[in-house]
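Values below: all heavy atoms of this structure, side chains included; hydrogens, waters and symmetry mates excluded. Chain letters run A, B, ... following the sequence lines, proteins first, then strands; residues in each count from 1.
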Protein chains: 2
Amino acid sequence: MEEAAVLLKQKGLKVTPQRLAILNLLRNTKEHPTAETIYKKLVSDFPTMSLATVYKTLEVLKNIGLIQELNVGEGSFRYDANTNSHTHLVCFGCGKVEDLDESVLQNLIEEAKKHTDYKLVEQKLYFYGYCPACQKMLSN
Amino acid sequence: MEEAAVLLKQKGLKVTPQRLAILNLLRNTKEHPTAETIYKKLVSDFPTMSLATVYKTLEVLKNIGLIQELNVGEGSFRYDANTNSHTHLVCFGCGKVEDLDESVLQNLIEEAKKHTDYKLVEQKLYFYGYCPACQKMLSN
DNA sequence: TATTAAAAGAAAAATATTATCTTTTATGAA
DNA sequence: TTCATAAAAGATAATATTTTTCTTTTAATA
Ligand SMILES: [Mn+2]
Ligand SMILES: [Mn+2]
Ligand SMILES: [Zn+2]
Ligand SMILES: [Zn+2]
């Protein structure tokens, strides 16, 4: 049995095809999809899938630490199976959201601690700009 | 005439009591209020104020660069009359949002540029944790 | 003061998300 | 393997935030 199934069981939660499908979809994409996008991608394989189930499942997966929720400032949340605190790039041109796969963040939290008396737990860093493709379009 | 009024005129926009009131409220608070909160604070002074006007005004003020919109991951946006790209602290305990008034961000964008081929325009950095008051409550 | 385009206000609509209710199913026991 | 049952899925309604539409009011200019 895979580790996600084990974790669900440990928490007293049922292992369902929908939960595994949503998790696997997130684990196999780099596009940080929204609940709506996830639903649309799964409904062909799971014709009875409902949007409510997607939302409820995302909540569950988030709560047990298998995924994280992103908020880049759109109307809706995006989801990411990479639960590490990592930096995202958001393209103003096409709207895509990508990882910045370098540890720009590495010592940022340590640096921030010097400047506040908050007990810091985590941080979110989003960069906004234009991806290479959109830069080309703009220059034409 | 104050500078905000001048700017509105320059853009061909009318200078209205509602617009000035919303801007002044934002300029005189440190709490990064939501549209709803702004509305509630103003409705006593402006009994005819409507929530739609608050939303439309925030959109206008944002578009002309007098305020910025924050999204710390709640259901709704917050607003800030400080339009500099600065870092925010969000308390998991009481939910308040404060500025981190140190330039933790200073060279962050320069550092990030080394690691991406995006054309970077801006960034958002939010730290999450517990404010001093909430730390005390937790330790009891 | 009169004209008028823009803004305000009121209310409806649109979205995203959450809650409720019924049906189905994963799970563990017999 | 069934069977019982609590949990999850699915359908739908409700909620909350934001946007849109429409009418009335007002800021700006002549
Ligand atoms: Mn990511
Ligand atoms: Mn601020
Ligand atoms: Zn792009
Ligand atoms: Zn606090």
Single-linkage hydrophobic cluster [X]~[Y], side-chain heavy atoms < 4.5 angstrom:
X	Y	answer
A:Leu125	A:Val72	no
B:Val121	A:Leu100	no
A:Tyr55	A:Leu25	yes

Worksheet item: How would you list, by chain and number, every residue that makes a ring pair (Phe, Tyr, Trp, His ring centres under 6.0 Å) with B:Phe46, sequence neighbours excluded?
Response: none
Check [Y] with [X], please: is the shortest side-chain N to carboxylate O separation under 4.0 Å?
X	Y	result
A:Glu3	A:Arg27	yes
A:Glu110	A:Lys114	no
B:Lys41	B:Glu31	yes
A:Lys56	A:Glu59	no

Report all interatomic pairs (protein N or O, nucleotide N or O of nucleotides 12-14 of chain C) with separations under 3.5 Å.
none

Between atom [atom1] in [X] and atom [atom2] in [N], what is the gap in whole Å?
X	N	atom1	atom2	value
B:Lys11	C:dA7	NZ	P	14 Å
A:Tyr55	D:dA14	OH	P	19 Å
B:Leu8	D:dT29	CG	P	13 Å
A:Glu59	C:dA16	CD	P	18 Å
B:Lys9	C:dA7	NZ	P	12 Å
A:Leu51	C:dA19	CG	P	15 Å

Polar atom pairs (N or O), protein with nucleotides 9-11 of chain D, under 3.5 Å:
unit_1: D:dA9; atom_1: OP1; unit_2: A:Thr16; atom_2: OG1; d: 2.9
unit_1: D:dA9; atom_1: O3'; unit_2: A:Gln18; atom_2: NE2; d: 2.8
unit_1: D:dG10; atom_1: OP1; unit_2: A:Gln18; atom_2: NE2; d: 3.2
unit_1: D:dG10; atom_1: OP1; unit_2: A:Thr48; atom_2: O; d: 3.1
unit_1: D:dG10; atom_1: OP1; unit_2: A:Thr48; atom_2: OG1; d: 2.4
unit_1: D:dG10; atom_1: OP1; unit_2: A:Met49; atom_2: N; d: 3.4
unit_1: D:dG10; atom_1: OP2; unit_2: A:Ser50; atom_2: N; d: 3.4
unit_1: D:dG10; atom_1: OP2; unit_2: A:Thr53; atom_2: OG1; d: 3.3
unit_1: D:dG10; atom_1: O5'; unit_2: A:Thr48; atom_2: O; d: 2.8
unit_1: D:dG10; atom_1: O6; unit_2: A:Lys56; atom_2: NZ; d: 3.0

Donor-acceptor pair, distance only, cut-off 3.5 Å: does the side chain of [X] make one with the backbone of [Y]?
X	Y	result
B:His115	B:Lys113	no
A:Arg78	A:His32	yes
A:Gln123	B:Tyr126	no
A:Asp80	A:Asn82	yes

If you restrict it to nitrogen or oxygen atoms, what contacts under 3.5 Å exist between nucleotides 1-6 of chain D and the protein, and what is each distance?
unit_1: D:dA6; atom_1: N3; unit_2: A:Lys14; atom_2: NZ; d: 3.3

Discussion item. Restricting to non-hydrogen atoms, name the atom on B:Leu58 and the atom on B:Ala35 that form the minimum distance, rounded to 0.1 Å.
Written reply: CD1-CB, 3.8 Å
Worksheet item: For atom NZ of A:Lys62, is the number of surrounding heavy atoms from other residues, nucleotides or ligands below 6.0 Å larger than 12?
Response: yes
Fill in: Interface residues of residues 26-40 of chain A with DNA chain C (non-hydrogen, below 4.0 angstrom)
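The answer is none.
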Worksheet item: Parallel under 30°, tilted from 30 to 60°, perpendicular over 60°: which one fits the rings of B:Tyr128 and B:Phe92?
Response: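 Parallel: the ring planes of B:Tyr128 and B:Phe92 meet at under 30°.
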Worksheet item: Looking at DNA chain D, which of residues 62-81 of chain B put a heavy atom within less than 4.0 Å of it?
Response: B:Gly75, B:Ser76, B:Phe77
Worksheet item: Between the side chains of B:Tyr79 and B:Gln68, is a donor N or O closer than 3.5 angstrom to an acceptor N or O?
Response: no
